[in-house]
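What follows is a single structure, written as structure tokens, with notes after it.
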Protein chains: 2
Amino acid sequence: MGKCEQCIIKQFNSLKSLTKDELIRISACKTSKTIKKGEVIFEEGDSINGIYCVKNGVCKLSKLSENGKDQIVKMVVKGQLIGQRSLVSNENSNLQATALNDMEVCFIPRTEIIADLQKNPKFSFDMLKDMAHDLREADDIIVNMAQKSVRQRLAETLIYIHESFGVNPDGTLSVILSREDYANIVGTATESAIRVLSQFKKEGLISTVGKFIRIEDINGLKRIE
Amino acid sequence: MGKCEQCIIKQFNSLKSLTKDELIRISACKTSKTIKKGEVIFEEGDSINGIYCVKNGVCKLSKLSENGKDQIVKMVVKGQLIGQRSLVSNENSNLQATALNDMEVCFIPRTEIIADLQKNPKFSFDMLKDMAHDLREADDIIVNMAQKSVRQRLAETLIYIHESFGVNPDGTLSVILSREDYANIVGTATESAIRVLSQFKKEGLISTVGKFIRIEDINGLKRIE
DNA sequence: TTTAAAATATGATATCTGTCATGTTTTATT
DNA sequence: AATAAAACATGACAGATATCATATTTTAAA
């Protein structure tokens, strides 16, 4: 099993602020897991009791709505942490985490992290920064949901995935989502998401081969109103 | 000018975790302000350079959308803090704060708070908890925006205001909002908000006299689908 | 008080989006 | 390869919501 103190992944999240000794201690009690595509890491209401550090792969954080739809609230990639909120508030999770492709994660038990938060102010300040960033993102999502059309939101989602998660060598988006996932990010019916993607294709803004999507005209997407 | 260490308001936010000495120091450099109804406390893009502790009154935090609407993201009442996110991330504000009625606030400069965050782990952990709570609320708002009708969202907004901010002796909601504000919380056109409120009135769910709204049948509102 | 401005109200209509139905394609499994 | 299941696609239609127009009422200001 890898050692936290040597792991490059920690560069990308607040764990980077832990001292070498703290990392060694955490390394001793962490557990590594492989999670297969589609597998649920934890459900709404689960007591998580720790945080996950994503070493590889992508997952979605979603929340079930009363109408049966599973709204995707955030996507998490390599380098990021999952479960900080529940860790801090000591409440059960309000979200479900589901792997979008095969993942490798490390699980660090709650008590260890809490101990470090109490002792290492740089670490807790870093986590504060992360949450402040998440909050800002959440604000933007709220505004988009409230004020923009499905067409605009879907265009922005494609751009976001393109810019945040990158593309394969052939230019297709590296994160593969079903049309239903797109609908659940945008907050619309699956048929509507399919329809709008088809329109984008007709307009030459994107090209698709099955689930693979390539953005052909990113400025065109940005221009959508 | 009041002294922080004797101020009861701090009970309701993370400032309660500061030591007496820290509070005395903060008290020495804080400034009190009165803000009139409708006045803007800070705008999007402003560098805030501190946090506001709300001693009295209510304000809205909003973000301008490209379509010209001013989406309300959160309402802040007596006891709560404003500006933690910008404080922590050291970025300019992504939101505008506007007083909904006359307010009294204390402004604490950034450097003081940062110093305490670095030194007092209990304080920073408390602020982490606050942010985790805000994030959870934001998740709920995203899901509601994405999955619920204007009618449902408006009903839930009325219930939220009723339960979180209370009522006057005559039973009317103590926080007075314009129809436009309601529209900007719910994320709809002002006319739609007006229309739905009129419907609620016709259905006996609420009664209104000018801007004053009284919930007559809270269970009826909760039943709306 | 008078007047102007802003907020509230309501109708008519257009547009957007959801739902249902149905067919096709892709993917997984035997 | 054959089959079933899932995902994707598209049309038709209904319902929700935005927009525009126009009153009416309330509030603020002169």
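Every chain is numbered from 1 and lettered A, B, ... according to where its sequence line falls, protein lines coming before strand lines.
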Residues that A/Lys60 engages under salt bridge (charged side-chain N to carboxylate O under 4.0 Å, His left out), provided they are two or more places apart | A/Asp181
Output all residues satisfying salt bridge (charged side-chain N to carboxylate O under 4.0 Å, His left out) with B/Glu104, sequence neighbours left out; order by chain, then residue number.
->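 B/Glu104 satisfies salt bridge (charged side-chain N to carboxylate O under 4.0 Å, His left out) with no other residue.
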Spacing of [X] atom [atom1] relative to [N] atom [atom2], expressed in whole Å:
{"X": "B/Ile194", "N": "C/dG11", "atom1": "CD1", "atom2": "P", "answer": "13 Å"}
{"X": "A/Asn184", "N": "D/dA7", "atom1": "CG", "atom2": "P", "answer": "12 Å"}
{"X": "A/Lys37", "N": "C/dA28", "atom1": "NZ", "atom2": "C1'", "answer": "12 Å"}
{"X": "B/Arg179", "N": "C/dT10", "atom1": "CZ", "atom2": "P", "answer": "10 Å"}
{"X": "B/Ile176", "N": "D/dT26", "atom1": "CD1", "atom2": "P", "answer": "15 Å"}
{"X": "A/Glu180", "N": "C/dT19", "atom1": "CD", "atom2": "P", "answer": "13 Å"}
{"X": "B/Leu154", "N": "C/dT8", "atom1": "CG", "atom2": "P", "answer": "13 Å"}
{"X": "A/Gln152", "N": "C/dT17", "atom1": "CD", "atom2": "C1'", "answer": "14 Å"}

Note down the inter-axis angle between the two ends of the helix from C/dT1-D/dA30 to C/dT30-D/dA1, five pairs each, to the nearest 10°.
-> 50°
[X] (side chain) donor-acceptor with [Y] (main chain) under 3.5 angstrom:
{"X": "A/Lys10", "Y": "A/Cys7", "answer": "yes"}
{"X": "B/Ser149", "Y": "B/Gln152", "answer": "yes"}
{"X": "B/Gln71", "Y": "B/Asn184", "answer": "yes"}
{"X": "B/Arg153", "Y": "B/Val186", "answer": "yes"}

Stretch residues 198-221 of chain B: residues that reach within less than 4.0 Å of DNA chain C through a heavy atom = B/Ser198, B/Lys211
I'd like a table of donor-acceptor pairs (distance under 3.5 Å, sequence neighbours excluded) in which one partner is a side-chain atom from residues 37-44 of chain B, with atom names and distances.
{"unit_1": "B/Glu39", "atom_1": "OE1", "unit_2": "B/Lys36", "atom_2": "N", "d": "3.0"}
{"unit_1": "B/Glu44", "atom_1": "OE2", "unit_2": "B/Leu64", "atom_2": "N", "d": "2.6"}

Using the salt bridge (Lys or Arg N to Asp or Glu O under 4.0 Å) rule, collect all pairs that involve residues 189-209 of chain A, keeping only residues at least two apart or in two chains.
->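 Residue pairs passing salt bridge (Lys or Arg N to Asp or Glu O under 4.0 Å), neighbours aside: A/Arg151-A/Glu203.
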Return each pair, listed once, that meets salt bridge (Lys or Arg N to Asp or Glu O under 4.0 Å) where at least one residue sits in residues 213-225 of chain A; pairs must be two or more places apart or across chains.
-> A/Glu163-A/Lys222, A/Arg214-A/Glu216
A/Asp134 bridged to A/Lys74 by N-O distance under 4.0 Å |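 Answer for the salt bridge query: yes.
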B/Glu112/B/Lys30 ion pair, N-O < 4.0 Å |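 Salt bridge between B/Glu112 and B/Lys30, a charged N being under 4.0 Å from a carboxylate O: no.
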Can you name the side chain to side chain contact (heavy atoms under 4.5 Å, CB included) partners of B/Lys211, sequence neighbours left out?
-> B/Ile176, B/Ser178
What side-chain donor-acceptor pairs closer than 3.5 Å can you find for residues 52-59 of chain B, not counting sequence neighbours?
none

Could you run down the sub-3.5 Å N/O contacts of the protein with nucleotides 1-6 of chain C?
none

Would you tabulate the pairs of protein nitrogen or oxygen atoms and nucleotide nitrogen or oxygen atoms of nucleotides 18-20 of chain D closer than 3.5 angstrom?
{"unit_1": "D/dA18", "atom_1": "OP1", "unit_2": "B/Thr188", "atom_2": "OG1", "d": "3.3"}
{"unit_1": "D/dA18", "atom_1": "OP2", "unit_2": "B/Thr188", "atom_2": "OG1", "d": "2.4"}
{"unit_1": "D/dA18", "atom_1": "OP2", "unit_2": "B/Ala189", "atom_2": "N", "d": "3.4"}
{"unit_1": "D/dA18", "atom_1": "OP2", "unit_2": "B/Ser192", "atom_2": "OG", "d": "2.6"}
{"unit_1": "D/dT19", "atom_1": "O4", "unit_2": "B/Arg195", "atom_2": "NH2", "d": "3.0"}
{"unit_1": "D/dC20", "atom_1": "N4", "unit_2": "B/Glu191", "atom_2": "OE2", "d": "3.4"}

Side-chain donor-acceptor pairs under 3.5 Å in residues 76-85 of chain A, sequence neighbours left out?
{"unit_1": "A/Gln80", "atom_1": "OE1", "unit_2": "A/Val77", "atom_2": "N", "d": "2.9"}
{"unit_1": "A/Arg85", "atom_1": "NH1", "unit_2": "B/Asp139", "atom_2": "OD1", "d": "3.4"}
{"unit_1": "A/Arg85", "atom_1": "NH1", "unit_2": "B/Asp139", "atom_2": "OD2", "d": "2.5"}

Which part of the nucleic acid does B/Ser149 contact within heavy-atom distance under 4.0 Å: base, sugar-phosphate only, or nothing?
->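 If one applies the 4.0 Å heavy-atom cut-off, B/Ser149 turns out to touch the sugar-phosphate alone, with no base involved.
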